[in-house]
Amino acid sequence: MQFEDLKLIPPILSALQNAGYKQPTPIQEKSIPIILSGKDLLGCAQTGTGKTAAFAIPIIQLLHTQASSKKGIKALILTPTRELAIQIQENIEIYGQFTKLNHLVIFGGVSQVPQVDKLKRGVDILVATPGRLLDLMNQGWVKLNELQILVLDEADRMLDMGFVQDVKRIITKIPAERQTLFFSATMPKEILSLANSILNNPEKVEVAPVSSTADKIEQTVFCVENSHKRPLLAHLLNQKNVVSALVFTRTKHGADKVVKDLLRIGVETEAIHGNKSQNARQRALNNFKDGITRVLVATDIAARGIDVDNLSHVINYELPNVPETYVHRIGRTGRAGQSGIAFSFCDSSEQEYLRDIEKLIDKKITKGTINPFTVEFTGVIATAKPAQKAGTYFKKRKPGNSSSKSGGSGGKFSGKKTSR
Ligand code: AMP
């Protein structure tokens, strides 16, 4: 199918051509006609499937082609994180570049003054995180009485992050007669009941269930002791094919620690997590996107929706305790049909998480083998060569802790593509 077959208007077709989009993704093929017909939609799709365009394109078309000249916010997109909000707005900017629609993104953690200034000038499409939106609604800066379309994006994350009450409060203040589009990567019971309470006879669209988007990503797990994770990370980041890597930790503290360790061995890296100011997070993300830093260390919440072209590797320095999170994480690589590589580190305390992940994705992840005679690895873990790049770690290690012997050459970590 081509975008032309979806009855899109010329300004949008030109914008998509400019963006280099050749064909709609499955979620776009299914959702765009439903949304253009004015129906409610319940979409089960995760980041990486092209779901932003699946709702943004028809919204732009509906608003651009309508005769009404009434002022006011006509479409509201609620999303859980600032990064995701910014990315949605960037996409709207791209798809709507040949229309005159005004759009704005609002989120907390930054001054509200510029956001209020832009609201005063008039906005057609508003992208918002729930907390800041409620603040500005309560102060009277955001009025939603002209709202026609509501999008709830990443509803399962909204639930995880405790935003559901805020969302419900917002919904009580918008017109009951509206089109509602509801997207979630997973559909646990609470999400379905929230969806049922706000959708009106929705069409259901499901693409790539959470377990199968992982299929095109080459996945390897290294079962190592916690103390070996740092040298293993250094070793992997030394490989030439690691063009850019997003490294995940479970906690903010863990992210900072990994950054500190990597900086010590000369790997340019930054962390992105909730304790960083919005400006610092954006700067870190831009540096990563621009290739100034090759490695970005992130916690799960901060990494939601991070959209980086050509991300070659995802590295799970710590496995997530929620198995769906693993799929979300590795979905950062291998976007829009590209292949990607995901390495995971699993220490003895994380075996249970690994079992849950393998159950969810319904396959065993290939075990990466560590050749005990590998020069790089033994050099990093066992041989004290402080002058060497990665050997810096070793200086901190307790004596008598080394287990492997040095010597030999050529061996490497290896991992084959996962098989079902
Ligand atoms: P999303 O799932 O919305 O986060 O989108 C994932 C990535 O795919 C983003 O970088 C989009 O710009 C890109 N994308 C979305 N739709 C298409 C398409 N039809 N062709 C090529 N890239 C796309």
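Read the numbers this way: they start at 1 and go in the same order the structure lists the ligands and their atoms. All of these numbers come straight from a predicted model, not from anything done at the bench. Just so you know, residue 1 is the first one in the sequence shown, and it goes up from there.
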Numbering the atoms of ligand 1 from 1, which are under 4.0 Å from a heavy atom of Q23?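 Selected atoms, number and element: 18 (C), 19 (N), 20 (N).
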Closest by any non-hydrogen atom to atom 14 (N) of ligand 1: pick that one out of F3, F55, Y21.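 Shortest heavy-atom distance from atom 14 (N) of ligand 1: Y21.
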Examine [X] against ligand 1 and note whether any of their N/O atoms are separated by less than 3.5 Å.
X   : answer
Y95 : no
Q28 : yes
K22 : no
G50 : yes

Any chance the side chains of Q282 and R82 put a donor and an acceptor closer than 3.5 Å?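 Checked: Q282/R82 side chains show no N/O donor-acceptor pair below 3.5 Å.
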For this output row, return yes or no: ring centroids of F55 and F183 closer than 6.0 angstrom.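 Yes, close enough.
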Centres of the Y21 and Y95 rings: under 6.0 Å? yes
Would you mind checking if E83 and R281 are paired as a salt bridge, meaning a charged N to carboxylate O distance below 4.0 Å?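 Salt bridge flag = yes for E83 with R281.
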Identified side-chain contact (heavy atoms from CB on, under 4.5 Å) counterpart of I92 within the set I59, D124, V127, L104: V127
